[in-house]
Amino acid sequence: MADKKTAGAFDIRNFIGMLLGLYGIILTLMGLFGDKELEKTGGINANLWTGLALLVVSAGFMTWARVRPTVVPDHVEPVVDDATRPAPRKKPRSSH
Amino acid sequence: MSSTFAPVALAAAEPLIDANAVDYLIVGLYFVFVMGIGLAARRAVSDSIDFFLSGRSLPAWVTGLAFISANLGAVEIMGMSANGAQYGLPTVHYFWVGAIPAMLFLGIVMMPFYYGSKVRSVPEFMFRRFGTGAHLVNAISFAVAQLLIAGVNLFLLGSIVQALLGWPLWVALVVAAVIVLSYITLGGLSAAIYNEVLQFFVIVASLLPLTLIGLNRVGGWSGLQEKLTAAAERAPAEAEVASAEQQLNAWPGQALTGFDSGILSVIGIVFGLGFVLSFGYWTTNFVEVQRAMASNSISSARKTPIIGAFPKMFVPFIVILPGMVAAVLVTEMIDLKGGGTPTGGASGEVKYNDALLLLMRDVLPNGLLGLAISGLLAAFMAGMAANISAFNTVFSYDLWERYIRKDRSDDYYLRIGRLATVAATVIAIFTASIAGGFSNIMDYLQTLFGFFNAPLFATFILGMFWKRMTPTAGWAGLVAGTLSAVTVAFLSEDAFGTASLGVIPLAGQGASFVAASTAFVVDIIVSVAVSLVTTPKPASELKGLVYSETPKEDLVDPDEAARPWYQRTIPLAIVAGVMVLILNFAF
């Protein structure tokens with residue numbers, strides 16, 4: 001694998017950050033330009049505030065993933081089979 | 001099958017909520033991300049250990065949030081908001097007396113045995129401690145329960161899509177099932193767990209605004225109190241609405257238990273719900289324990305439920321509070337609580353389970369509505385995916401490999417796991433139709449948990465700390481405990497709906513608490529009695545499985561002592577314990 005050093009795009013924090021960020025953008029735009037439906041919310045521009053809060057949380061996740069990236073170890077310790085129970089054989093052993 | 005769904009499907013000609021293009025865009029984005037995680041995780045799945053246990057490589061905060069999210073499905077969101085609408089604040093006991101202490105206990109006491117013995121499932125622990133009898137009872141009852149519960153989750157998911165968007169129920173069921181199926185078969189447990197973490201944040205992002213806006217509409221906490229008090233005084237006696245005082249105070253919770261005596265009610269909550277039901281659920285349920293087993297060290301495995309306890313503490317605020325708000329704000333809910341039978345809702349007739357949906361309809365603008373729908377879909381998919389990923393592990397390892405086809409290649413079991421996932425999803429579509437027959441999903445699930453988990457907890461805890469307990473006692477205790485719970489449920493007024501005989505004057509959640517407590521006590525008595533007349537396993541076979549036979553250093557992570565306090569199991573657990581005590585006294 002080429003990207004074995006860090007998890008990169010497959011870091012779950014980037015996934016969360018991206019989705020919440022997109023939601024934040026959509027809701028902020030809805031809050032600014034959409035129907036505010038103030039009679040439903042009791043006078044609060046709920047879309048705008050939620051959108052802004054989501055953008056903040058999203059930025060937080062992206063920063064966290066940037067500052068402390070997940071490092072994928074070169075070698076993951078194989079699960080040691082216990083002779084007392086029938087476990088699925090690891091590929092190297094069953095191949096010969 | 002179609003005839004079962006037909007009456008429900010017909011009721012939804014008119015969608016409950018007026019979703020527009022932006023709402024659909026938000027829901028659509030969510031599905032793109034869910035599938036994206038499934039595809040990304042696929043690259044990482046190389047052998048069956050990866051598929052089932054994520055290669056034991058996930059950090060504690062990921063497994064901790066997945067631990068919460070796996071349970072933040074239909075039970076929590078719909079069931080707890082329904083309870084909140086019906087009973088009010090005593091519902092918090094499911095969290096602060098129920099879940100949290102049990103989660104801390106799992107992390108501190110039981111996890112070292114699960115993780116340290118390197119078993120791949122809870123039934124496998126059962127096998128090594130007690131042998132075939134107890135293992136079969138546990139593995140089969142667990143597998144069946146998962147299929148039923150996956151059905152419950154799927155049914156709720158389908159009925160929500162039906163109510164909100166106006167799709168026919170069977171279309172909604174199949175679409176939801178196909179999505180869950182594809183990301184689990186693609187990415188296995190990693191995909192399920194990563195999606196659970198994503199789902200957790202989507203759920204919070206959707207329920208938190210709903211709660212805040214709802215509270216704003218009723219005039220804050222004090223406005224909610226006033227409206228609740230007025231509604232309780234106005235309600236006719238035959239509606240049997242709990243007094244405002246009972247709804248606004250967590251203790252003694254008589255409205256929840258249905259007990260006349262306040263002292264008995266407290267005992268019922270602490271022993272029945274807190275000790276037996278919740279410890280049974282959280283400490284032996286492989287759906288939960290599997291999340292911790294996927295972590296990267298014994299320290300992370302122990303911290304998984306403890307880290308999960310922190311967000312879990314605050315979940316009632318975004319689940320129960322909206323239920324309470326709905327009960328005083330939404331016209332149909334006010335009518336229902338006042339003894340009326342309003343029409344509408346997810347099933348044609350408004351039930352407490354609709355509290356959250358109706359509140360969403362009344363207070364959320366388009367945009368936030370789409371986010372809320374995504375949150376609900378996320379919750380139900382998380383719940384169902386958790387059930388199915390636990391099911392396929394138990395089915396492949398504990399049933400198929402152990403009893404049907406031994407010693408096949410790794411690829412073979414991976415393939416069986418994928419086939420089991422497909423089969424489970426198809427079966428869940430059928431069990432979804434069973435779930436529709438119960439008025440309060442919570443009762444139904446609690447009843448099930450009582451049968452499977454309460455005796456299991458008794459057997460585990462006795463087996464972990466009493467080396468004399470024999471293999472025969474293992475299965476005998478489980479069977480006797482489960483049967484006694486079934487008996488109590490049949491004798492109660494409504495634990496099994498109309499099938500219950502009504503010999504014992506117990507109804508609602510109280511009946512489940514008593515059934516579970518009975519199962520626990522019967523299991524202990526039978527296990528001890530049988531152990532005394534049968535032969536125990538030799539002590540040499542109990543290393544790693546029984547406390548007294550396991551070297552203390554095997555139960556802890558040697559690296560942990562060097563870390564700061566907030567990365568260590570016990571200090572974290574103490575902080576969580578103190579916080580939950582404060583919450584218990586504050587409400």
Side-chain angles (χ1 to χ4, degrees), chain A residues 1 3 7-20 22-24 26-31 34-51 53-54 57-58 61 70 72-73 76-82 84-95, chain B residues 22 25-26 29-30 32-33 36-37 40-41 43-44 46-49 53 55-57 59 62 118-120 124 127-128 193-194 197-198 200-202 205 208-209 212-214 216-219 362-368 370-371 374 396-397 401-402 406-414 541:
Chain A
M1 278 206 292
D3 54 343
F10 186 50
D11 192 324
I12 186 64
R13 293 169 293 184
N14 284 326
F15 269 93
I16 297 168
M18 270 189 281
L19 181 63
L20 295 186
L22 286 172
Y23 282 173
I26 296 173
L27 289 186
T28 308
L29 292 176
M30 281 295 280
D35 180 0
K36 296 185 183 59
E37 300 184 70
L38 294 179
E39 75 291 349
K40 271 190 175 181
T41 62
I44 303 173
N45 191 342
N47 275 335
L48 180 66
W49 287 110
T50 312
L54 283 173
V57 176
S58 158
F61 269 103
T70 307
V72 179
V76 181
E77 193 183 328
V79 178
V80 183
D81 286 348
D82 183 335
T84 62
R85 65 204 166 96
R89 289 177 185 157
K90 307 297 284 183
K91 271 176 206 152
R93 265 193 286 159
S94 60
S95 60
Chain B
V22 176
L25 172 68
I26 288 177
L29 267 177
Y30 171 69
V32 169
F33 272 73
I37 287 180
R43 293 189 326 187
S46 56
D47 65 13
S48 76
I49 289 284
L53 284 189
R56 291 192 161 196
S57 60
V62 167
K118 292 205 168 69
V119 293
R120 294 160 302 183
E124 190 173 337
F127 180 81
R128 296 183 63 195
I193 289 181
Y194 278 135
V197 177
L198 179 73
F200 175 81
F201 290 101
V202 174
L208 188 60
L212 293 176
I213 298 167
N216 182 48
R217 279 285 299 275
V218 296
D362 282 3
V363 308
L364 292 184
N366 284 111
L368 266 178
L371 185 54
S374 309
S396 317
Y397 283 159
E401 183 186 344
R402 192 169 301 284
K406 278 183 188 165
D407 296 330
R408 294 295 176 93
S409 71
D410 194 52
D411 285 345
Y412 176 80
Y413 293 111
L414 191 53
E541 288 177 21

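We use all heavy atoms of the structure for the numbers below, so side chains are in, but hydrogens, waters and symmetry mates are not. All chains are named by letter (A, B, ...) in the order of the sequence lines, taking the proteins before the strands, and each is independently numbered beginning at 1.
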Approximate separation, where rounding is to 0.5 Å, of [X] [atom1] and [Y] [atom2]:
X         : Y         : atom1 : atom2 : value
Thr50(A)  : Leu368(B) : OG1   : CG    : 4.0 Å
Leu371(B) : Met30(A)  : CG    : CE    : 11.5 Å
Leu198(B) : Leu20(A)  : CG    : CG    : 7.0 Å
Ile44(A)  : Ile213(B) : CD1   : CD1   : 6.5 Å
Tyr30(B)  : Leu22(A)  : OH    : CG    : 14.5 Å
Tyr194(B) : Phe15(A)  : OH    : CZ    : 10.0 Å

Check whether Leu19(A) gets within reach of chain B through its side chain, its backbone, both or neither, counting any heavy atom under 4.5 Å.
both
Pick one of side chain, backbone, both or neither for Leu54(A), based on which atoms fall under 4.5 Å of a heavy atom in chain B.
side chain
Heavy-atom contact with chain A under 4.5 Å, split by part of [X]:
X         : result
Leu25(B)  : side chain
Val62(B)  : side chain
Val363(B) : both

State, with a plain yes or no, whether a side-chain heavy atom of Tyr23(A) is found less than 4.5 Å away from one of Ser374(B).
yes
Any heavy-atom pair between the side chains of Leu29(B) and Ile26(A) that's under 4.5 Å?
yes
For Asn366(B), does its backbone N or O pair with a side-chain atom of Asn47(A) as donor and acceptor, under 3.5 Å?
yes
ring-ring contact (aromatic ring centres under 6.0 Å, His included) with Phe61(A): which residues, sequence neighbours excluded?
Phe201(B)
With sequence neighbours left out, the residues meeting side chain to side chain donor-acceptor pair (under 3.5 Å) with Asp362(B) are none
